[in-house]
Amino acid sequence: MEPTMRSELYIDGKWTAAAKGRTFDVVNPATEEVIHRIAAATPEDVDVAVKAARRAFDKDGWPKLSGAQRAKYLRAIADGIRARQSEIARLEVIDNGKPFPEADWDVADAAGCFDFYAGLAEQLDNNPEEPIALADARFTSKAVKEPIGVAGAIIPWNYPLLMAAWKVAPALAAGCTIVLKPAEVTSLTALELAAIADEAGLPPGVLNILTGSGSVAGQAIIDHKHVDKLAFTGSGPVGSKIMAAAARDIKRVSLELGGKSPFVVFDDADIDEAVEWIMFGIFWNQGQVCSATSRILVQEGIYDRLLARLVEETKKIRIGDGLEDGVLLGPLVSKRQHEQVVAAIEAAKTAGATVACGGKRPEGFDKGYYLEPTILTEVPLESDAWREEIFGPVVCIRPFSTEAEAIELANDSRFGLAAAVMSKDDVRAERVASAFRAGIVWINCSQPTFTEAPWGGYKESGIGRELGRWGLENYLETKQITRFATGEKWGWYIK
């Protein structure tokens, strides 16, 4: 079944063209063909959407619903995603380029995310307030959680529907209303999410989805005075600008930014298992993953054997259109991204790195933004290839001698999103995991992500946490309510 492709903005429960009638192309990265055109939102559209979200929050009663009532909508959205899972996954493939099995997994995870936050919404009813013990018995006090208000969310192109779910599900569960802007190059499945929410009967204004550019539509969301909270996933430079802009109105901000995550492999590790997780950590989703373990540190005793095995297996990866059976590496998401990754590889070579494998367009692919999976060795520690996020199927690998050296090299980064360690020595693995300065740490694996567990980074990798109960708390404020005992007299001025 060929997937439906929607074209309009979703504002206040209605499908509408952009105020100025502007549109932009949707390009299939596997073919470089324009397959659709969709609306490009303007600041005028953003203003209408924010006002609708404001009304739904302030007047129409969305935050006044019980958690159980909001949970019914969330579960209906989850069911709607599952009912069309294969169709939505195909949309993701032709929009993003990832292999179909990866897209299918992502779509299933998105549905699961809505189910999970439905459960947390119900739990809000069970714990509406927290009593606070006070030193003065004449007073009683309690803390209550309340939704922040209108959330503005801007998401990236690497996991289009899943990143939308990570923002929309907890915001709605908390009682917030939301204006969501998907990435310009991957907007199709966000519009399908709007259609599913509409079919679920979500009240008008609670969810608004505007396609368009970050510099126009995204900036208008960031600058709008009636947006109470900004949630962003994307690059560090853009996150820094959002944080600065939010400071003008003291908006609440959560940022999930870039990474240059290390993977430390000790010489007692099984080489085949290490190679499997190294490949999964960098070649999944064409390496376009913020948490990708793109810096591999291998202890000297197994370095040569592991590198040879890694090169051997990497050369076997089947490249192609994500809709073809057996493909494990699709095209990069866009022409711009392809050019940037190729330029990063060339810069690494100029800096002194050696290409052990890949680094070029695969043979037989004249069209599409394809790139061979790439392994770089002898990468200088001060080079951009070692220190900066490439965001493609490019991994840097180097040997280390001691545990202390590995930890020092792993932590020598302005990023701190994720890190991984592999060793059969559980005590050592736990010790190294504790030493990593990163928000997500994996032992004997790389990249498993669970809706129940917190997600976010240290240092320049962001602020706040998504997923789990932490993701819900992103959209809640804490209010203190203190009562003076009836019948008591304060008597400070009036004796």
Side-chain angles (χ1 to χ4, degrees), residues 3-17 39 41 45 48-88 91 107-125 146-153 155 160-182 187-211 451 471-472 475:
T4 302
M5 290 189 282
R6 300 178 189 275
S7 304
E8 296 178 304
L9 311 175
Y10 184 74
I11 300 175
D12 203 12
K14 303 180 184 68
W15 294 100
T16 180
D45 298 305
V48 174
V50 172
K51 285 177 178 175
R54 189 83 260 164
R55 186 205 68 240
F57 185 85
D58 292 336
K59 297 179 179 179
D60 293 352
W62 177 253
K64 301 301 182 184
L65 295 180
S66 67
Q69 288 172 314
R70 293 196 296 271
K72 289 180 180 178
Y73 290 107
L74 291 170
R75 289 203 171 93
I77 293 171
D79 290 343
I81 293 171
R82 289 194 188 94
R84 297 169 53 193
Q85 182 171 324
S86 181
E87 178 188 352
I88 295 170
L91 267 185
V107 175
D109 277 357
C113 186
F114 279 94
D115 274 334
F116 176 80
Y117 282 105
L120 289 193
E122 291 169 335
Q123 290 180 29
L124 290 174
D125 293 342
E146 297 182 344
I148 286 175
V150 174
I155 59 172
L161 183 66
L162 188 57
M163 292 297 99
W166 282 22
K167 302 289 191 291
V168 173
L172 299 189
C176 292
T177 57
I178 188 165
V179 178
L180 174 76
K181 196 202 84 66
S187 298
L188 296 179
T189 53
L191 294 176
E192 288 310 300
L193 175 62
I196 289 167
D198 193 70
E199 291 164 5
L202 195 69
V206 172
L207 171 63
N208 306 272
I209 296 184
L210 287 77
T211 52
T451 307
L472 184 70
Y475 297 92

Just by distance, do the side chain of [X] and the backbone of [Y] share a donor-acceptor pair under 3.5 Å?
X: Arg70; Y: Ala121; result: no
X: Asp12; Y: Gly205; result: yes
X: Gln69; Y: Ser66; result: yes
X: Thr189; Y: Glu192; result: no

Salt-bridge contact Arg75-Glu122 (side-chain N to carboxylate O under 4.0 Å):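 Yes.
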Audit row: Tyr475, Glu146, side chain to side chain contact (heavy atoms under 4.5 Å, CB included) steps and yes/no: CA-CA 8 Å; Tyr475 297 92; Glu146 297 182 344; over 6 Å; no
Minimal non-hydrogen separation, [X] against [Y], with atom names:
X: Leu74; Y: Ala169; value: CD2-O, 4.0 Å
X: Phe57; Y: Ile148; value: CZ-C, 4.4 Å
X: Asp198; Y: Gly13; value: OD1-O, 3.6 Å
X: Asp115; Y: Ala78; value: OD1-CB, 3.5 Å
X: Ala108; Y: Gln85; value: CB-NE2, 3.7 Å
X: Ala165; Y: Pro170; value: O-CD, 3.5 Å

[atom2] on [Y] to [atom1] on [X], rounded to 0.5 Å:
X: Arg6; Y: Trp15; atom1: CZ; atom2: CH2; value: 5.0 Å
X: Asp79; Y: Glu199; atom1: CG; atom2: CD; value: 12.0 Å
X: Asn208; Y: Thr177; atom1: CG; atom2: OG1; value: 7.5 Å
X: Ile196; Y: Leu207; atom1: CD1; atom2: CG; value: 11.0 Å
X: Phe114; Y: Arg82; atom1: CZ; atom2: CZ; value: 11.0 Å
X: Ser187; Y: Leu91; atom1: OG; atom2: CG; value: 11.5 Å

Side chain to side chain contact (heavy atoms under 4.5 Å, CB included) between Leu124 and Leu472: does it pass, once the steps are laid out? CA-CA 10 Å; Leu124 290 174; Leu472 184 70; 4.0 Å; yes
Any heavy-atom pair between the side chains of [Y] and [X] that's under 4.5 Å?
X: Trp166; Y: Tyr117; value: no
X: Val107; Y: Leu162; value: no
X: Leu180; Y: Leu210; value: no
X: Arg54; Y: Val150; value: yes
X: Pro203; Y: Tyr73; value: yes
X: Pro182; Y: Thr211; value: yes
X: Leu191; Y: Ile209; value: yes

Stepwise side chain to side chain contact (heavy atoms under 4.5 Å, CB included) test for Leu193 and Ile81: CA-CA 8 Å; Leu193 175 62; Ile81 293 171; 4.3 Å; yes
Run Arg55 and Asp60 through side chain to side chain contact (heavy atoms under 4.5 Å, CB included) and show every step you take. CA-CA 6 Å; Arg55 186 205 68 240; Asp60 293 352; 2.7 Å; yes
